[in-house]
Protein chains: 2
Amino acid sequence: MSNTPPYAPDAPALSLKLDDQLCFALYSATNALKKMYRPMLDRLGLTYPQYLVMMVLWERDGMTVSEIGEKLFLDSATLTPLLKRLEAQGILERKRAAEDERVVRVSLTAKGKALKDDAASVPGEAVTATGCTPDELTALRDALKRLRTDLMKTG
Amino acid sequence: MSNTPPYAPDAPALSLKLDDQLCFALYSATNALKKMYRPMLDRLGLTYPQYLVMMVLWERDGMTVSEIGEKLFLDSATLTPLLKRLEAQGILERKRAAEDERVVRVSLTAKGKALKDDAASVPGEAVTATGCTPDELTALRDALKRLRTDLMKTG
DNA sequence: TGAAATTAAATCGTGCGCGATTAAATAGGG
DNA sequence: CCCTATTTAATCGCGCACGATTTAATTTCA
């Protein structure tokens, strides 16, 4: 009686068409987002993930690698090389904590702190590029946060 | 009189806090999405971008590299190595068109076509993982498509 | 206290994305 | 017809993401 196909007894038989997929809309919007940010961040000498790390550190300096990772949902395999590149640019310093040598604490240099002023115009420019109203942006952001939480639940 | 700060005369002074950012919600949701898909796609022997290419070819076989690129908003620098890996797996074939030797046409093998049946349950499982209703998914998808279009406009 | 378990970061390998360049084929204009 | 411009794919280099493993430091608890 059910029209559920044999290959997926518990899931609805949904489309395999590209343009129907939420996942592709998400994926392609993120790719577009990164491209949109590039010229702005090039002026700061940052990549997009580096910009995210800087936002975390501008909020609270001296975080450990794992603390940064918890904020960004990234692990040390991604962060360690990224942080080393920022260190090589003189934007931050990595130092093992004296009280626990397993931990690496990351602190901004003067140059890294100063970069915050240069970045201040970035969010506004980005909002303009989205062509959305502030209310739309807020709604979309919160919907994506909920989606992220749900996606990480099962995984 | 204006409270617009001196560093961004034409843009609103928006937050640099991570959790306020639409961009981070988008970025982190996409990372979570890819992780969620991995175990499902591992069974098919595909990565997530490879799965997208397959969806394009299941809809219309024999597309050129640029046509696939237009659908996915990717260029040959990304697609050529990806397609070579799928070719090495015997999932598709790449052949220069006789009528125009610049063009490479991509066609599915029997194995590639058969993979569509194995993939049929993927969208349903993915929907379940999102924890969203179909209406929410449709609304979010369409909002992201609009966002993507806007982001690609200026860039 | 000393062996085992846990934790933190680093390392390794693979596969994207993409800016930039290159190579080759075709189209178009004089 | 040739020379230039355009188009298509491939190539190169770099920086992520991340699964998996490794190394080293700390904690646990028998």
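Both backbone and side-chain heavy atoms feed into the values below; hydrogens, waters and symmetry mates do not. Here is the naming used below: chain letters follow the sequence lines, and residue numbers restart at 1 for every chain.
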Student: For the side chain of B/Val104, starting at C-beta, report the closest nucleotide among D/dA10, D/dA17, C/dA8.
Tutor: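 Comparing D/dA10, D/dA17, C/dA8 against the side chain of B/Val104, the answer is D/dA10.
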Student: For residues 16-26 of chain B, pull every pair meeting side chain to side chain donor-acceptor pair (under 3.5 Å), keeping only residues two or more places apart or in separate chains.
Tutor: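 Every side chain to side chain donor-acceptor pair (under 3.5 Å) pair that includes a residue of residues 16-26 of chain B, provided the two are not neighbours, is B/Ser15-B/Asp20.
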Student: So which nucleotide from C/dA8, C/dA25, D/dC18 ends up closest to the side chain of A/Arg102?
Tutor: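 That would be C/dA8.
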Student: When we call it a touch if two heavy atoms are under 4.0 Å apart, what does B/Arg94 touch: a base, just sugar-phosphate, or nothing?
Tutor: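 The answer is sugar-phosphate, as B/Arg94 gets under 4.0 Å only of primed atoms, P, OP1 or OP2.
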Student: Ignoring hydrogens and angles, write down the donor-acceptor pairs under 3.5 Å from the side chains of residues 74-82 of chain B, residues two or more places apart or on other chains.
Tutor:
{"residue": "B/Asp75", "atom": "OD1", "partner": "B/Ala77", "partner atom": "N", "Å": "3.1"}
{"residue": "B/Asp75", "atom": "OD1", "partner": "B/Thr78", "partner atom": "N", "Å": "3.3"}
{"residue": "B/Thr80", "atom": "OG1", "partner": "B/Ser76", "partner atom": "O", "Å": "3.0"}

Student: How many Å lie between CD on B/Glu99 and P on C/dA24, as a whole number?
Tutor: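 Answer to the nearest Å: 20 Å.
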Student: Identify all side-chain donor-acceptor contacts of residues 37-49 of chain A below 3.5 Å with residues at least two apart in sequence or on another chain.
Tutor:
{"residue": "A/Arg43", "atom": "NH2", "partner": "A/Glu125", "partner atom": "OE1", "Å": "3.3"}
{"residue": "A/Arg43", "atom": "NH2", "partner": "A/Glu125", "partner atom": "OE2", "Å": "3.3"}
{"residue": "A/Thr47", "atom": "OG1", "partner": "A/Gln50", "partner atom": "N", "Å": "3.3"}
{"residue": "A/Tyr48", "atom": "OH", "partner": "B/Cys23", "partner atom": "O", "Å": "3.3"}

Student: Choosing from C/dG17, C/dG15, D/dC16, which nucleotide comes nearest the side chain of A/Tyr27?
Tutor: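 So the nucleotide nearest the side chain must be C/dG17.
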Student: Would you kindly give the CD1-to-C1' distance between B/Ile68 and D/dT8, to the nearest whole Å?
Tutor: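 Atom-to-atom, B/Ile68 to D/dT8, this comes out as 13 Å.
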Student: Going by side chain to side chain donor-acceptor pair (under 3.5 Å), name the pairs with one or both residues in residues 100-114 of chain B, residues two or more places apart or in two chains.
Tutor: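 Counting only pairs at least two positions apart or across chains, the side chain to side chain donor-acceptor pair (under 3.5 Å) contacts touching residues 100-114 of chain B are B/Asp100-B/Arg102.
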Student: If I compare all heavy atoms of B/Ala29 with all of A/Leu151, which pair ends up nearest, and what's the gap?
Tutor: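 The answer is O-CD1, 3.8 Å.
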Student: Separation of A/Met63 atom CE from C/dA8 atom P, in whole Å?
Tutor: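 So the CE-P distance, A/Met63 to C/dA8, works out to 13 Å.
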Student: Nearest of D/dA25, C/dG17, C/dT26 to any side-chain atom of A/Glu101?
Tutor: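 Selected nucleotide (nearest to the side chain): D/dA25.
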Student: Short of 4.0 Å, heavy atom to strand atom, which residues of residues 50-57 of chain B count as contacting DNA chain C?
Tutor: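 Correct list: B/Gln50.
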Student: Just how far, in rounded Å, is C1' of C/dC18 from OH of A/Tyr48?
Tutor: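 Roughly 17 Å, once rounded to whole Å.
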Student: Under 4.0 Å from any atom of DNA chain C, heavy atoms only: list the residues of residues 75-92 of chain A that qualify, in numerical order.
Tutor: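 DNA chain C contact set from residues 75-92 of chain A: A/Ser76, A/Ala77, A/Thr80, A/Lys84.
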Student: Between D/dA17 atom P and A/Asn31 atom CG, what is the distance in whole Å?
Tutor: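 Value for this atom pair: 10 Å.
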Student: Answer yes or no: does a side-chain N or O of A/Lys34 lie under 4.0 Å from OP1 or OP2 of C/dC16?
Tutor: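 For A/Lys34, the contact criterion (side-chain N or O under 4.0 Å from OP1 or OP2 of C/dC16) is not met.
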Student: Which one, C/dC18, C/dT7, D/dG15, comes nearest to the side chain of B/Leu74?
Tutor: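 Of C/dC18, C/dT7, D/dG15, C/dC18 is nearest to the side chain of B/Leu74.
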Student: What integer distance in Å separates B/Asp42:CG from C/dG15:P?
Tutor: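 Atom CG in B/Asp42 sits about 12 Å away from atom P in C/dG15.
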Student: CZ of B/Phe24 versus P of D/dA17: gap in Å, rounded?
Tutor: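 For the pair B/Phe24 CZ and D/dA17 P, the rounded distance is 11 Å.
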Student: Is there a continuous path of hydrophobic side-chain contacts, each under 4.5 Å between heavy atoms, that joins A/Leu83 to A/Val103?
Tutor: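 No; A/Val103 is not reachable from A/Leu83 via cluster members.
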Student: Can you tell me the distance, in whole Å, between the NZ atom of B/Lys35 and the C1' atom of D/dA20?
Tutor: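 Whole-Å distance recorded here is 13 Å.
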